[in-house]
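Shown next, in structure tokens, is the structure this report addresses.
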Number of protein chains: 2
Amino acid sequence: MKKQRPASRAPSRLVTGAGVDIGDLDRQVGFFLRLAQVAVFKDLVAALEPFGLRLTDYSVLLVIEANPGLKQQSIGEALRIQRPNLVVIIDGLERRGLVRRSVARRDRRSHALRITPAGAAVLEEANAAQAAHEARIRAAVGPSDWAALLEALARLARLGSSPT
Amino acid sequence: MKKQRPASRAPSRLVTGAGVDIGDLDRQVGFFLRLAQVAVFKDLVAALEPFGLRLTDYSVLLVIEANPGLKQQSIGEALRIQRPNLVVIIDGLERRGLVRRSVARRDRRSHALRITPAGAAVLEEANAAQAAHEARIRAAVGPSDWAALLEALARLARLGSSPT
DNA sequence: TATTGTTATACTCTATAACTATA
DNA sequence: TATAGTTATAGAGTATAACAATA
């Protein structure tokens, strides 16, 4: 039995290839979500590149600035970065003098992390670039749908989590 | 100068870590987009797993079914999969008897791809699982915002492309 | 015994260069 | 010469196991 296509539900046409029919794919959320994420990340990665920051570097800097003295494990939990992978990221940031590791007094196993003045300066520039990026995204979506989009994405992000 | 937070714009709270302040991150689209994409893909991957299909396998099957006789290069363009990577995917699908490669008569360099009856059967089951997945996503978002979400994602996906 | 940071390692995805056979 | 498929390989990003220091 051939699956019928409810043509009315299709959003504005998305041509990915050279006239190739991508089947029901152009009516599936996951497909759009992936394309949107790739496009948005491409723009954001380019915006942060002049500062030598990858997305993970940037998000880690943001969290450290917002939580002075935080230990690595907590950052990993907040950003869903595995502890071993975080070590490499912090190594890079520390080598560049953007972040400082110091042994925590209360628990000498952990490292208290702080952003340095140099790090704060870089982060401020990166934040401006991010704001410009966000403005571009916002313009692409259209002002009316903006709040609805963020709300919808937030609900999707909570999919697997405990339903409050 | 400290950046001010326009608290009114924040969508419903998203707690990622154990009470860690994630800074301005919870007001950036990219962050939500990533979390949403990860959550949605996790659900979809789980839905397709019983059929032994990864996301790429599934999307390739869909395109082949919609375009009998298509060559590999065209699939790659439509799905943005590099030709070398597609070879491995098709290898797997062909080994399982879900897809058949035959030398194209018109151009003997290329391979005409067709879905087999076995492949069509698997795809039909996978489509049902995908539909159930989509229903879950839709329920999480809420019916009112659904069309707006797809529309917004489609616009974002066209970010870097030529503005029509 | 459990936890923090670390090292080493592996697995998935994606990307590039170069080969072959056809055109 | 250009293209389709292929091979090999390399690079991100992410994941797990095990160890030393500390609790």
Side-chain angles (χ1 to χ4, degrees), chain A residues 16-18 20 30 34-35 37-39 41-42 44-46 48-49 52-60 64 69-95 99-113, chain B residues 16-18 20 30-31 34-35 37-39 41-42 44-46 48-49 52-60 64 67 69-95 99-113:
Chain A
T16 45
V20 172
R34 188 178 92 102
L35 290 182
Q37 201 247 357
V38 167
F41 269 43
K42 186 179 173 186
L44 181 54
V45 165
L48 295 178
E49 195 272 339
L53 297 177
R54 285 162 305 178
L55 290 185
T56 45
D57 299 325
Y58 176 61
S59 59
V60 166
I64 292 178
L70 201 65
K71 64 179 177 180
Q72 295 181 195
Q73 174 117 351
S74 301
I75 297 176
E77 285 165 8
L79 295 177
R80 305 185 187 181
I81 299 175
Q82 301 294 322
R83 274 70 75 212
N85 300 329
L86 196 55
V87 171
V88 185
I89 295 170
I90 306 276
D91 280 350
L93 293 175
E94 193 175 39
R95 204 177 316 114
V99 144
R100 194 164 45 83
R101 270 193 259 234
S102 59
V103 175
R105 287 160 304 181
R106 301 181 52 176
D107 184 341
R108 282 165 47 216
R109 289 174 301 187
S110 64
H111 289 167
L113 294 169
Chain B
T16 46
V20 173
F31 187 66
R34 188 178 93 101
L35 291 182
Q37 201 247 356
V38 167
F41 269 44
K42 186 179 174 187
L44 181 53
V45 165
L48 295 177
E49 196 272 339
L53 297 177
R54 283 163 305 179
L55 291 185
T56 45
D57 298 325
Y58 176 62
S59 60
V60 166
I64 293 178
N67 306 268
L70 200 65
K71 63 179 177 181
Q72 295 180 195
Q73 175 117 350
S74 302
I75 297 176
E77 285 165 9
L79 296 176
R80 306 185 186 180
I81 299 174
Q82 301 294 322
R83 274 70 76 215
N85 300 330
L86 196 55
V87 171
V88 185
I89 295 170
I90 305 277
D91 280 350
L93 293 174
E94 193 176 40
R95 205 177 318 115
V99 144
R100 194 164 45 82
R101 269 192 258 233
S102 59
V103 176
R105 287 160 305 183
R106 303 180 50 177
D107 183 342
R108 282 165 45 217
R109 290 174 300 186
S110 64
H111 289 168
L113 294 169

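Numbered from 1 within each chain, the chains take letters A, B, ... in sequence-line order.
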Just so I know, are the side chains of [X] and [Y] near enough to count as touching, which here means a heavy-atom distance under 4.5 Å?
X       : Y        : answer
A:Lys71 : A:Leu113 : no
B:Val20 : A:Ile75  : no
B:Ile90 : B:Arg101 : yes
A:Arg83 : A:Gln72  : no
A:Arg95 : A:Asp91  : yes

Can you measure [X] atom [atom1] to [N] atom [atom2] for me and round it to whole angstrom units?
X       : N      : atom1 : atom2 : value
B:Leu86 : D:dT3  : CG    : P     : 18 Å
B:Asp57 : C:dC13 : CG    : C1'   : 13 Å
A:Ile90 : C:dT4  : CD1   : C1'   : 13 Å
B:Glu77 : D:dT3  : CD    : P     : 11 Å
A:Asp91 : C:dA8  : CG    : C1'   : 14 Å
B:Leu55 : C:dT14 : CG    : C1'   : 15 Å
A:Phe41 : C:dT14 : CZ    : P     : 14 Å
A:Gln73 : D:dT22 : CD    : P     : 17 Å

Nearest to the [X] side chain among [options], which nucleotide is it?
X        : options               : value
B:Asp107 : C:dG5, D:dT6, C:dA23  : C:dA23
B:Arg109 : D:dG5, C:dT22, C:dC13 : C:dT22
B:His111 : C:dT6, D:dG5, D:dT7   : D:dG5

For B:Val99, which of B:Ile64, B:Val60, B:Ile89 qualifies under side chain to side chain contact (heavy atoms under 4.5 Å, CB included)? B:Ile64
Ranking A:Val88 and A:Ser110 by the position along DNA chain C of their nearest nucleotide, the one closer to 5' is A:Ser110
Could you go over nucleotides 14-19 of chain D and give all protein N or O partners under 3.5 Å, atom names and distances?
from, atom 1, to, atom 2, distance (Å)
D:dT14, OP1, B:Arg34, NH1, 3.1
D:dA15, N7, A:Asn85, OD1, 3.4
D:dA15, N7, A:Asn85, ND2, 3.0
D:dA15, N6, A:Asn85, OD1, 2.8

Would you please confirm or rule out a distance under 4.0 Å between OP1 or OP2 of [N] and any side-chain N or O of [X]?
X        : N      : value
A:Arg108 : D:dA21 : no
A:Arg101 : C:dT6  : yes
B:Gln72  : D:dA4  : no

Hey, which of these two, A:Arg106 or B:Ala112, hits DNA chain D nearer its 5' end, going by closest nucleotide? B:Ala112
Inter-residue atom distance A:Glu94.CD - A:His111.NE2, 0.5 Å rounding: 8.5 Å
